[in-house]
Number of protein chains: 2
Amino acid sequence: MSLDSERLQKLTDRKKLILKAVIEAHIETGEPVGSKLLTTNKQIMLSSATIRNEMAELEEMGYLEQPHTSAGRIPSEKGYRFYVDTLMEDYQLTASELSLLNSLLSGRLSAMDKIVEKASSVMAALTNYTSLAIRPRPKKVVILRFKTLLLGDYDFLLIMITSSSVVNTKNIRTHQPVDARQLELLEAALNRFMCGVDINDITLPMIMQMEIAAGRAAPLVNFVIKCVYDFVSELNDEIDFDGVNRLLQYPEYSDDMELLRDMLRLFERKEDIINIVAGGRRDATNIYIGSENRVDEMKSSTIVFKTIMARGRPVGAIGVIGPCRMDYPKVVTTLEYLTGHLSDIASENVAARLPLPGDGGTDNNEK
Amino acid sequence: MSLDSERLQKLTDRKKLILKAVIEAHIETGEPVGSKLLTTNKQIMLSSATIRNEMAELEEMGYLEQPHTSAGRIPSEKGYRFYVDTLMEDYQLTASELSLLNSLLSGRLSAMDKIVEKASSVMAALTNYTSLAIRPRPKKVVILRFKTLLLGDYDFLLIMITSSSVVNTKNIRTHQPVDARQLELLEAALNRFMCGVDINDITLPMIMQMEIAAGRAAPLVNFVIKCVYDFVSELNDEIDFDGVNRLLQYPEYSDDMELLRDMLRLFERKEDIINIVAGGRRDATNIYIGSENRVDEMKSSTIVFKTIMARGRPVGAIGVIGPCRMDYPKVVTTLEYLTGHLSDIASENVAARLPLPGDGGTDNNEK
DNA sequence: ATTAGCACTTGAAGCTCAAGAGTGCTAATG
DNA sequence: CATTAGCACTCTTGAGCTTCAAGTGCTAAT
């Protein structure tokens with residue numbers, strides 16, 4: 001009937017108000033929300049009976065669910081999604097939260113990796129969820145220059161300067177003595193054939209050419225190639241979690257050992273979550289609620305994350321993982337505050353010479 | 001009475017046999033062990049009544065405990081301690097366990113840090129407890145040589161070669177242009193005053209002397225000193241845990257959220273466990289049972305660990321953490337097998353040139 | 001010295017029952 | 001005609017109770 005279809009098509013303002021109230025109450029308490037509780041809400045000037053009717057329709061429309069007949073309602077994933085997309089309001093950071101955030105942001109700048117990790121830890125502390133920090137590694141690396149340095153009769157240092165501002169050094173020990181002249185030959189051969197080459201494009205003919213060019217140093221070429229491959233194989237995005245123990249605050253996890261174990265495994269495997277984050281948008285706050293996650297173990301959890309950009313390139317990402325019943329306003333506000341300011345800081349770092357002592361611009365090669 | 005004191009002084013062989021049986025049964029099942037169960041043990045040819053009497057005395061002596069009157073007995077910490085010290089027998093590794101261990105040990109050798117981490121993961125898989133891997137960092141670092149490398153108008157690379165086979169490189173960005181001549185001056189000044197110096201012994205006068213010696217490159221000296229200090233401050237022992245989720249297999253943890261949370265926090269803090277391991281003996285398998293741990297959160301857990309030594313110096317440590325009711329024979333055997341072989345491998349690596357391609361001897365500077 | 005036998009203790013599991021929370025429906029109301 | 005008061009109904013939760021099984025300590029017999 002046209003009445004039904006109309007009724008179930010679009011949310012009236014009153015329905016939105018009630019849905020919002022249900023969700024926020026549930027997020028706070030974790031309990032199903034009944035009609036009676038909502039009558040205490042100042043915004044809703046309705047009797048419990050009217051609210052009951054509205055909630056029944058909201059359930060019919062798929063925004064709410066009932067754990068069992070005599071319980072209140074809890075939000076469905078669709079409910080959370082709608083809340084996140086259109087209902088929720090900005091959270092106002094408290095003075096103490098702001099001061100914690102700013103003490104992180106105004107602190108001594110060191111390597112970006114460290115900042116990202118620290119930011120994730122602040123995130124966990126402020127939101128009370130498990131936080132994550134990702135430091136991305138470029139998948140395309142071009143060799144810019146090789147440099148060698150003799151350390152001893154059997155040892156030399158190989159320095160590889162690549163695009164992506166990463167420098168790799170490797171301490172190589174040989175089983176034949178090496179001398180300075182040999183290293184010169186090696187260096188020359190490497191620089192002649194490998195400069196500007198993508199690491200993944202190294203071919204066997206190139207290696208053979210280099211061995212010829214290296215002359216007496218030919219046996220060393222293989223060592224170097226091996227180092228190069230080791231280097232790329234280490235270039236996986238790195239992820240770290242902070243505040244894993246905080247999951248236990250939420251009955252969603254502490255009452256469900258299986259789920260908890262799944263989460264711990266997920267955190268140890270790392271891979272799945274890296275993939276989730278890698279698949280996200282770079283220009284927005286990503287929120288995946290429950291089964292919106294393709295990963296099975298995340299089916300009853302929510303992940304919220306955002307990429308930190310510096311001059312158009314991602315330099316990291318932070319986020320939180322917790323129950324679907326998550327304090328979205330607070331999480332999103334905190335996350336955007338942090339990533340916004342970190343993006344600015346990182347951009348300045350890369351863009352211009354800072355009029356500070358060089359620490360702001362240093363960038364070491366630790367992985 | 002003399003009879004009592006005699007009775008309670010030393011364990012008869014029969015008491016030892018019963019104690020051992022109780023402990024092993026409890027380790028396996030996690031349940032309190034009753035006298036009846038022990039009559040099924042082929043080694044013990046006694047009636048349940050006799051066993052009861054013996055168990056009562058073992059309890060009086062402090063080796064066993066009774067959760068409540070009508071339950072069987074569980075081992076006390078003193079009981080576990082005695083078991084570990086004198087009762088337990090060697091565990092025989094199964095063929096599949098051996099093959100897993102050996103596939104790790106005979107695999108391609110790469111950086112020691114990686115091997116230790118992998119070993120820890122194997123440890124977790126074989127024993128079903130949470131495992132830990134520690135890579136120690138030397139606290140005394142002596143500078144051997146500095147080397148610089150010009151990268152661009154505003155960038156240069158600082159290479160610091162230190163004792164302890166660690167090379168540190170730092171990509172420094174300046175706010176004033178630098179040229180090759182300046183770097184030469186810098187390098188000469190650094191090498192003249194800092195070679196052979198312990199990093200912790202750098203004094204202000206030395207810095208001032210260097211600035212004078214560096215001439216036009218004086219402003220760069222401060223950058224370098226800062227890098228040096230950053231470098232030492234990063235030299236903390238590193239620890240990683242594997243198989244944290246395995247704790248949930250044991251009711252000791254899965255039935256006690258508080259304890260579980262304490263453990264997760266411990267794993268995130270890292271510090272406490274690093275300290276425990278740092279305080280252990282280097283030449284033995286260390287076993288700390290329950291309250292033998294000074295750390296409060298470990299009061300109901302056991303940690304077993306052993307250091308991997310290469311030519312007299314520790315190059316890492318691995319171990320496991322689990323309930324006091326731990327399969328000590330299996331853990332100890334596996335741990336000693338691994339650390340023994342790893343020590344050999346590491347010693348060879350450092351000691352002699354291997355007749356292999358250089359990979360066995362490479363040693364990169366990733367932290 | 002060992003063991004069979006037995007009374008006793010205690011926790012775990014299952015069962016019932018009342019309380020409480022929340023619903024949906026109906027009829028009354030402004 | 002939207003809203004609401006009222007009420008019967010459903011379902012979970014927890015307390016109290018009983019029963020059951022496991023295991024003990026003690027005593028008396030071997």
Side-chain angles (χ1 to χ4, degrees), chain A residues 1-4 6-8 11-15 17-19 21-23 25-26 28-41 43-61 63-76 251 255-256, chain B residues 3-4 6-8 11-15 17-19 21-23 25-26 28-41 43-61 63-76 251-252 254-256:
Chain A
M1 319 136 197
S2 74
L3 208 145
D4 245 38
E6 185 194 351
R7 203 166 33 84
L8 300 180
L11 289 172
T12 61
D13 284 350
R14 196 168 75 175
K15 279 203 178 55
L17 187 65
I18 290 173
L19 179 56
V22 170
I23 292 180
H26 180 68
E28 195 181 326
T29 65
E31 302 288 309
V33 179
S35 56
K36 198 162 193 179
L37 180 68
L38 294 191
T39 57
T40 63
N41 185 315
Q43 304 237 41
I44 302 175
M45 296 298 285
L46 295 168
S47 76
S48 67
T50 312
I51 297 176
R52 271 203 292 285
N53 289 329
E54 292 286 49
M55 293 209 297
E57 287 183 13
L58 281 167
E59 183 177 356
E60 214 178 333
M61 298 162 85
Y63 293 100
L64 293 179
E65 289 174 357
Q66 219 172 357
H68 54 263
T69 327
S70 78
R73 302 301 208 294
I74 59 173
S76 67
D255 290 351
D256 185 347
Chain B
L3 207 145
D4 245 38
E6 186 194 351
R7 201 164 36 82
L8 300 180
L11 288 172
T12 61
D13 283 351
R14 196 168 76 176
K15 279 202 178 57
L17 187 65
I18 290 174
L19 179 58
V22 170
I23 292 180
H26 180 68
E28 194 181 328
T29 65
E31 303 287 308
V33 179
S35 55
K36 199 161 191 177
L37 180 68
L38 295 191
T39 58
T40 64
N41 185 315
Q43 304 238 40
I44 302 174
M45 296 298 286
L46 296 167
S47 75
S48 66
T50 313
I51 296 175
R52 270 203 293 285
N53 289 331
E54 292 285 48
M55 291 209 299
E57 289 182 13
L58 281 167
E59 182 177 356
E60 215 178 332
M61 298 162 85
Y63 293 101
L64 293 179
E65 289 173 357
Q66 220 173 358
H68 54 263
T69 327
S70 78
R73 303 299 208 296
I74 59 172
S76 68
E252 284 88 337
S254 63
D255 290 350
D256 185 346

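All chains are named by letter (A, B, ...) in the order of the sequence lines, taking the proteins before the strands, and each is independently numbered beginning at 1.
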Interatomic spacing from CZ in B:R73 to CZ in B:R52 - rounded to 0.5 Å = 10.0 Å
Between atom OG1 of A:T50 and atom CE of A:M45, what is the distance when rounded to the nearest 0.5 Å?
-> 12.0 Å
What are the two closest heavy atoms between B:L38 and B:V33, and how far apart are they?
-> CD2-CG1, 3.8 Å
Output yes when at least one side-chain N/O atom of A:T50 is less than 4.0 Å from OP1 or OP2 of D:dT3, else no.
-> no
Does any nucleotide pair with D:dA2 by Watson-Crick or G-U wobble geometry, both distances under 3.5 Å, and what is it?
-> C:dT29
Polar side-chain contact A:S70-D:dC11 base: donor and acceptor under 3.5 Å | yes
Pairwise 5' ranking along DNA chain C for A:K36 and B:H68, keeping only the more 5' one = B:H68
Check: A:V22 and A:Y63 side chains under 4.5 Å, non-hydrogen atoms | no
Would you mind classifying the nucleic acid contact of A:S48 as base, sugar-phosphate or nothing, using non-hydrogen atoms under 4.0 angstrom?
-> nothing
A:Q66 or B:M45: which one's nearest nucleotide on DNA chain C is closer to the 5' end?
-> B:M45
Would you mind reading off the distance between B:L58 atom CG and D:dG25 atom P, rounded to a whole angstrom?
-> 12 Å
Nucleotide forming a Watson-Crick or wobble pair with D:dT27, both distances under 3.5 Å | C:dA4
So does A:T69 get a side-chain nitrogen or oxygen closer than 4.0 Å to the phosphate oxygens (OP1/OP2) of D:dC11?
-> yes
For the side chain of B:R73 and the base of D:dG25, is some donor closer than 3.5 Å to an acceptor across the two?
-> no
Short side-chain N/O contact to C:dT2 OP1/OP2 from B:R14, under 4.0 Å = yes
Within this structure, what is the CG-to-P distance between B:L38 and D:dT24, rounded to whole angstrom?
-> 9 Å
In whole angstroms, how far is the P atom of C:dT26 from the CG atom of A:N53?
-> 12 Å
Whole-Å gap separating P (D:dG23) and CD1 (B:I74) | 14 Å
Nearest whole angstrom, please: distance from the P of C:dT2 to the CD1 of B:I18.
-> 10 Å
Gap between atoms CD1 and P, on B:I51 and D:dA22 respectively (whole Å) | 17 Å
If you look at every heavy atom in B:L64 and B:P75, which pair is closest and at what distance?
-> CD2-CA, 3.9 Å
Rounded to whole Å, the CE-P distance (B:M55 to C:dT3) equals 14 Å
CZ of B:R52 versus P of C:dG5: gap in Å, rounded?
-> 12 Å
